Q: 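Below you'll find the structure I mean.
The sequence lines fix the lettering, A, B, ..., with proteins before strands; numbering per chain opens at 1. This one's a predicted model, so the numbers in the text were calculated from it and none came from an experiment.
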Number of protein chains: 2
Amino acid sequence: MALDRDQVLRSAAALLTRKSTATMDEVAKAAGISRATLHRHFAGRDALVRALETLGIEECGKALDAARLDEGPASDAVRRLVGEFEPVAGLLAFLYGENQLFEGESQNEGWARIDARIAALFRRGQENGEFRIDLTPAWLTEALYGLVASGAWAVLDGRVATKDFQFMIVELLLGGALRREES
Amino acid sequence: MALDRDQVLRSAAALLTRKSTATMDEVAKAAGISRATLHRHFAGRDALVRALETLGIEECGKALDAARLDEGPASDAVRRLVGEFEPVAGLLAFLYGENQLFEGESQNEGWARIDARIAALFRRGQENGEFRIDLTPAWLTEALYGLVASGAWAVLDGRVATKDFQFMIVELLLGGALRREES
DNA sequence: CCCATGTGAGACACGCATGTCTCACCGCAG
DNA sequence: CTGCGGTGAGACATGCGTGTCTCACATGGG
């Protein structure tokens with residue numbers, strides 16, 4: 001049952017990633033269950049979205065762990081992080097867009113923790129001289145989210161290949177578009 | 001009357017930028033008119049959004065013109081472009097999020113023209129050696145949109161100041177997060 | 001075998017945004 | 001003053017997604 005719920009959540013994530021306005025009925029269909037059963041797992045659409053958010057936070061946390069942000073050069077950590085984000089980028093993009101609605105609402109404190117960890121990574125990079133200091137960690141974090149969302153949508157629309165996801169984002173985020181003489 | 005319509009459109013843009021799910025009634029209230037009058041200007045919500053899209057394309061076109069993309073170094077042109085985008089960034093962010101829904105739908109050909117002009121700018125920069133060639137113009141264009149949207153939201157939420165909008169986006173997009181030795 | 005649990009299918013009412021309509025009101029030109 | 005166009009306010013019906021409920025059916029354990 002707990003397994004069922006998780007699978008339903010996964011398929012809901014996959015669907016809502018592509019069509020964020022999908023009906024509960026469509027979500028149920030996509031999961032291969034009836035609307036009644038879907039409603040037995042999640043009291044309503046709000047509950048479903050909140051569960052999705054919890055899942056997203058969870059996955060993000062795992063990605064942060066797997067990326068070992070404290071180890072080695074910060075730039076390598078960023079590269080690992082983006083690589084870990086790739087499988088959940090669609091879900092992240094959905095939640096990123098969704099969160100723009102909850103203006104003042106109680107921002108699930110889980111995101112604050114995620115934000116803090118990523119910002120800390122950028123700060124570490126600044127402090128050891130890897131990253132420039134005229135761009136705030138908060139903005140770099142925000143930009144990372146934006147690029148991940150953009151990348152996810154580009155992949156979904158087939159404009160770019162999944163295998164290029166990590167490269168494109170990391171290269172742009174760290175290196176920028178300008179051509180360099182050295183290295 | 002045509003002036004009225006434009007003003008209504010502006011206030012609708014300002015409102016929907018912050019609350020993309022705003023009701024027709026809220027839109028009318030925000031514009032200082034009744035729902036009936038709003039409906040006399042725009043047949044329905046779809047018509048309103050389409051008008052907003054047309055406005056967005058129009059404003060983008062003006063921004064592209066004002067940025068003189070063909071003149072001088074491509075990097076300077078990018079800087080001018082982002083500066084011109086700033087006043088309409090909110091509207092752009094709204095439309096950018098909205099367009100994720102119209103999956104296969106007839107993508108208003110206006111956007112294709114905008115995309116092409118921006119991509120051409122990046123291509124110009126690549127051809128004259130300013131920009132690196134391992135990031136496609138299409139991705140750089142997509143990333144520009146993503147960063148503009150992120151920046152717009154960050155400004156709306158008060159996380160960053162309006163005056164920093166251009167600097168943050170351009171510096172990240174062109175220079176990246178890595179610290180450089182020279183210049 | 002039989003009951004219990006979980007499920008699918010469908011009916012039903014409700015809320016809400018929307019689209020449409022009517023009516024009264026106001027300003028203005030004739 | 002009078003007729004007219006534009007407006008605001010509100011009523012009304014409609015469509016759609018949702019939440020809730022009932023009932024039939026299948027499966028699996030006692």
Side-chain angles (χ1 to χ4, degrees), chain A residues 1-56 91 94-95 97-106 108, chain B residues 1-56 91 94-95 97-106 108:
Chain A
M1 173 152 64
L3 198 86
D4 270 18
R5 185 188 144 106
D6 198 69
Q7 289 177 350
V8 171
L9 217 42
R10 301 281 171 178
S11 73
L15 174 60
L16 289 173
T17 288
R18 285 169 299 161
K19 188 166 184 271
S20 60
T21 60
T23 293
M24 290 295 274
D25 204 86
E26 296 177 279
V27 173
K29 286 286 196 310
I33 61 178
S34 73
R35 197 162 65 95
T37 303
L38 174 61
H39 200 269
R40 282 177 194 117
H41 285 306
F42 307 97
R45 191 188 182 74
D46 288 354
L48 176 62
V49 173
R50 259 182 289 120
L52 237 24
E53 192 167 20
T54 301
L55 176 65
L91 176 58
F94 165 69
L95 294 172
E98 203 75 0
N99 274 359
Q100 302 308 127
L101 304 179
F102 303 159
E103 305 187 31
E105 200 139 342
S106 66
N108 194 314
Chain B
M1 171 154 66
L3 198 87
D4 270 18
R5 186 188 143 105
D6 197 69
Q7 288 177 352
V8 170
L9 217 42
R10 302 281 171 177
S11 72
L15 174 60
L16 289 173
T17 287
R18 284 169 300 161
K19 187 166 185 269
S20 60
T21 59
T23 292
M24 290 295 274
D25 204 86
E26 296 176 279
V27 172
K29 285 287 196 309
I33 61 178
S34 73
R35 197 162 65 94
T37 303
L38 174 62
H39 202 269
R40 282 178 194 116
H41 285 306
F42 306 97
R45 192 189 183 72
D46 288 354
L48 176 63
V49 173
R50 259 182 289 122
L52 237 25
E53 192 167 20
T54 300
L55 176 64
L91 176 59
F94 164 69
L95 295 173
E98 201 77 0
N99 275 357
Q100 302 307 128
L101 304 179
F102 303 159
E103 302 188 34
E105 201 140 342
S106 66
N108 195 315

Q: What string of B, S and - do you get for nucleotides 9-27 of chain C, 5' to 3', if B is base contact, S is sugar-phosphate-only contact and - is no contact with any protein heavy atom under 4.0 Å?
A: B-B-----SBBB-------
Q: Can you name the closest pair of heavy atoms from A:R45 and A:T21 and give their distance?
A: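 Heavy-atom minimum between the residues: NH2-C, 4.1 Å.
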Q: Ignoring hydrogens, what is the shortest heavy-atom contact between A:R35 and A:D25? Give both atom names and the distance.
A: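 Heavy atoms only, the tightest pair is CD-OD1, 3.4 Å.
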Q: CZ/B:R10 to CG/B:L55 distance, rounded to the nearest 0.5 angstrom?
A: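 So the CZ of B:R10 and the CG of B:L55 are separated by 5.0 Å.
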Q: Which value, rounded to the nearest 0.5 Å, describes the distance between A:L91 atom CG and A:L16 atom CG?
A: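 A:L91 CG to A:L16 CG: 9.0 Å, rounded to 0.5 Å.
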Q: Which whole-number value in Å describes the distance from A:L48 CG to D:dG17 C1'?
A: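 Nearest whole value for this atom pair: 14 Å.
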Q: Can you name the nearest heavy-atom pair linking A:A13 to A:L52, along with the distance?
A: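 That would be CB-CD1, 4.0 Å.
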Q: Starting at CZ of A:R5 and ending at P of C:dT7, how long is that distance when rounded to a whole Å?
A: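 After rounding, the reported distance stands at 13 Å.
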Q: Compare every heavy atom of B:A30 with every heavy atom of B:L15, then report the nearest pair and how far apart it is.
A: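 Scanning both residues, the minimum pair turns out to be CD2-CB, 3.9 Å.
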Q: Testing the basics here: between A:N99 and A:E53, what is the closest heavy-atom pair and its distance to 0.1 Å?
A: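 Answer, listing the atom of A:N99 first, then A:E53: OD1-OE2, 3.4 Å.
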Q: Just how far, in rounded Å, is P of D:dG6 from CG of B:D4?
A: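 Atom-to-atom, B:D4 to D:dG6, this comes out as 11 Å.
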Q: Measure across A:L95 and A:G56 and return the closest heavy-atom pair with its distance rounded to 0.1 Å.
A: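 Distance-wise, the nearest heavy atoms are CD1-CA, 3.9 Å.
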Q: Nearest whole angstrom, please: distance from the P of D:dG6 to the NE2 of B:H41.
A: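 Rounded to the whole Å, the gap is 10 Å.
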Q: Taking only nitrogen or oxygen atoms into account, show me every contact under 3.5 Å that the protein makes with nucleotides 25-29 of chain D, one pair per line with its distance.
A:
none

